[in-house]
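Working notes, structure below.
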Amino acid sequence: MATDGGTLIHPSGERYVAPGTLVPPRGERYTGAIITDKIADLVLVRPMGRGFYIGFIVTSAFTLLFLVAISYLFATGVGIWGVNQPVAWAFALTNFVWWVGIGHAGTFISAFLLLLRQHWRTSVNRFAEAMTIFAVAMAGLMPILHLGRPWFAYWLVPYPDVMNIWPQWRSPLIWDIFAIATYIIVSILFWYMGLIPDLASLRDRAQSRTKQIAYGLFALGWRGEARQWFRFETAYLLMAGLATPLVISVHTVVSLDFSFGLVPGWHSTIFPPYFVDGALYSGFAMAIVLAVPLRAIFRLRDFITVDHLSKMAILLLVTGEIVFYSYVVEAFNAYYSADAYEIAMIKIRYFGPYAPISWSVILCNVLIPQALWSGKLRRNPLALFCLGMVVLLGMWLERFMIIVASLERDFLPSSWHMFYPTFWDLATLAGSVGAFAFMFLLFLRFLPAISMSELRKEAREKPIRASA
């Protein structure tokens, strides 16, 4: 590695502006070798800076809080939460639906857009897939924590036993087990399959023997032969075809947890498409929230461009408009049905004790996102980051509104009871967010955030040029 006035010079003639940050001269195109070196060096060469350590410490603290909240829950019971009768479902199930929804954008970007030959996905699919896995992992924990006796969670699994006692197949809770398990298994396999060529690149560039062995084991002997590439691309398309229906099926099953009940505000056929679109809405918001700091901190603006952010913002706008339409249809169906309980639920939701939450949902999910009609704002990373955070907050409040506001008013006025969250409710929510961020930081440290192999292929078809 040569030097020129203290600046590192790559053998190809490119320059390093910082350790592990390789860029060609302004306006010049990235070659395949430079793309691989730049992204691989973020994992193998670039030192962990102060910001990474601060983020690691903060997320570790929240992860520890999450573990303490879970441990205290196991030792004491769900009475530490604010749940009561009739509000038996609250923060845990709200978190469950919210996290499952966040995981949907990763599968949509990776699988569905791959089948549609949308090449812009190559710059965002890798970290979006990782986001899916970590979000679904958080979601899968929530129903188990809510069981009351979580050590009996295995009863939900249909395993053979001497008592011949099988799960209640008419319970949507059983369907959740199969939906979430299928989703996380397929997501992990799809994510890992796409990683194999990149793991081989890391194996070949690693200087440490330990890293060479670790990346080599997971690379499964990949050598980049034509035969391997043919089988890889065939299997990758098949996995994409298998994963795409999960975008619709998983959250449809989650919505049936509610629509199969007779609780006013739940018993509606609009819930499956409503929940699926809401899941994509929150998922795209999280993808934008992760993409903006990722491209800034790791200097990936040439790969994750404003055009990529703009396309994700358009998808966010489209799904947001469908969510708005769902809100209108839900209220219309309640009044058109002439069901006194459904009408009362709509009135209570927007003019009752939880009215501030309901109107906050309208503000965060409907009114503020209308700013995305502006092409200038869609190309402003900071504005998109803030708007993504607003949508994530609004979608969590929407799930809370649907669950708690519907349960709080039972058919009998004598059963009405307000829900007030406790410290442990808030600790579980904050801790799960911290654990998600902790796992995402580990992913960024040990694995490439962008698919090197797919980006090299994309660069051959459409040149990627340096902006600085």
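Computed from a predicted model, the values in this text were never measured in an experiment.
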* Which residues satisfy the side-chain contact (heavy atoms from CB on, under 4.5 Å) test with L237, sequence neighbours excluded? -> L114, L115, R117

If I take atom [atom1] from residue [X] and atom [atom2] from residue [Y], how far apart are they, to the nearest 0.5 angstrom?
X    : Y    : atom1 : atom2 : answer
L141 : I180 : CG    : CD1   : 11.0 Å
L377 : L317 : CG    : CG    : 10.5 Å
F400 : S360 : CZ    : OG    : 11.5 Å
L397 : S358 : CG    : OG    : 9.5 Å
E408 : Y354 : CD    : OH    : 5.0 Å
L64  : F66  : CG    : CZ    : 12.0 Å

Side-chain contact test, heavy atoms from C-beta onward, threshold under 4.5 Å: evaluate it for [X] versus [Y] and give yes or no.
X    : Y    : result
S255 : P272 : yes
K311 : L315 : no
L145 : I70  : yes
F303 : T122 : no
R205 : D41  : no
S415 : Q85  : no
F298 : L444 : yes
I346 : F351 : no

* **Full working for side-chain contact (heavy atoms from CB on, under 4.5 Å) between V306 and R295** => CA-CA 10 Å; V306 290; R295 69 188 292 271; 4.1 Å; yes

* To do: Would you sort out whether F96 and D257 count as a side-chain contact (heavy atoms from CB on, under 4.5 Å), showing the intermediate values?
  => CA-CA 12 Å; F96 164 66; D257 292 353; 4.2 Å; yes

* Starting from the C-alpha separation in whole Å, work towards a yes-or-no answer on salt bridge (charged side-chain N to carboxylate O under 4.0 Å, His left out) for R349 and E330. => CA-CA 12 Å; R349 181 176 293 179; E330 186 180 25; 3.2 Å; yes

Can you label the angle between the [X] ring and the [Y] ring as parallel, tilted or perpendicular, going by 30° and 60°?
X    : Y    : answer
W151 : F74  : perpendicular
Y154 : F152 : perpendicular
F419 : F91  : tilted
Y236 : F232 : parallel
W120 : H308 : tilted

Can you see which heavy atom on [X] is nearest to which on [Y], and at what distance?
X    : Y    : value
A88  : V83  : O-CG1, 3.8 Å
F108 : L280 : CB-CD2, 3.9 Å
M131 : A105 : CE-CB, 4.1 Å
S406 : G265 : OG-CA, 4.0 Å
P369 : V391 : CG-CG2, 4.1 Å
M395 : G278 : CE-O, 3.4 Å

* Kindly determine whether L387 and L316 satisfy side-chain contact (heavy atoms from CB on, under 4.5 Å), including the steps that lead there. => CA-CA 10 Å; L387 198 145; L316 187 69; 3.8 Å; yes

* Hey, is OH on Y336 packed in by over 12 heavy atoms from elsewhere, all under 6.0 Å? -> no

* Asked: Would one find more than 12 heavy atoms of other residues, nucleotides or ligands at under 6.0 Å from atom CE of M389?
  -> no

For the backbone of [Y] and the side chain of [X], can you confirm whether one donor and one acceptor N or O come within less than 3.5 Å of each other?
X    : Y    : result
W359 : Y350 : yes
E342 : P264 : no
Y72  : W424 : no
T132 : A128 : yes
S282 : A279 : yes
S337 : A334 : yes
H251 : Y274 : no
R378 : L372 : yes
H267 : S259 : yes

* For F385, all residues meeting ring pair (Phe, Tyr, Trp, His ring centres under 6.0 Å), sequence neighbours excluded -> none

Short side-chain donor-acceptor distance under 3.5 Å, [Y] and [X]:
X    : Y    : result
N95  : W396 : yes
T422 : D425 : yes
S432 : W99  : yes

* To do: In sequence, state the C-alpha distance, the side-chain angles, and the governing distance for R126 and D198, and then conclude on salt bridge (charged side-chain N to carboxylate O under 4.0 Å, His left out).
  => CA-CA 11 Å; R126 176 61 52 73; D198 290 356; 2.9 Å; yes

* To do: Evaluate the salt bridge (charged side-chain N to carboxylate O under 4.0 Å, His left out) criterion for residues R121 and E454: first the C-alpha distance (whole Å), next the side-chain angles of each, then the deciding distance (0.1 Å), finally the verdict.
  => CA-CA 9 Å; R121 60 172 285 282; E454 294 188 57; 2.8 Å; yes

* Intermediate values then yes/no, side-chain contact (heavy atoms from CB on, under 4.5 Å), E129 and N125 -> CA-CA 6 Å; E129 292 168 6; N125 69 315; 3.5 Å; yes

* To do: Show your reasoning for whether ring pair (Phe, Tyr, Trp, His ring centres under 6.0 Å) applies to F275 and F258.
  => CA-CA 11 Å; F275 270 50; F258 304 93; 5.6 Å; yes

* **Trace of the ring pair (Phe, Tyr, Trp, His ring centres under 6.0 Å) decision for W266 with W89** => CA-CA 13 Å; W266 289 3; W89 291 5; 5.6 Å; yes

* Asked: Can you tell which of F284, Y183, Y281 makes a ring pair (Phe, Tyr, Trp, His ring centres under 6.0 Å) with H104?
  -> Y183

* Could you tell me if the ring centre of F324 sits under 6.0 Å from that of Y327? => no

* So, for F56 and F438, is the gap between ring centers shorter than 6.0 Å? -> yes

* To do: With sequence neighbours excluded, tell me which residues meet side-chain hydrogen bond (donor to acceptor under 3.5 Å, both in side chains) with R203.
  => none

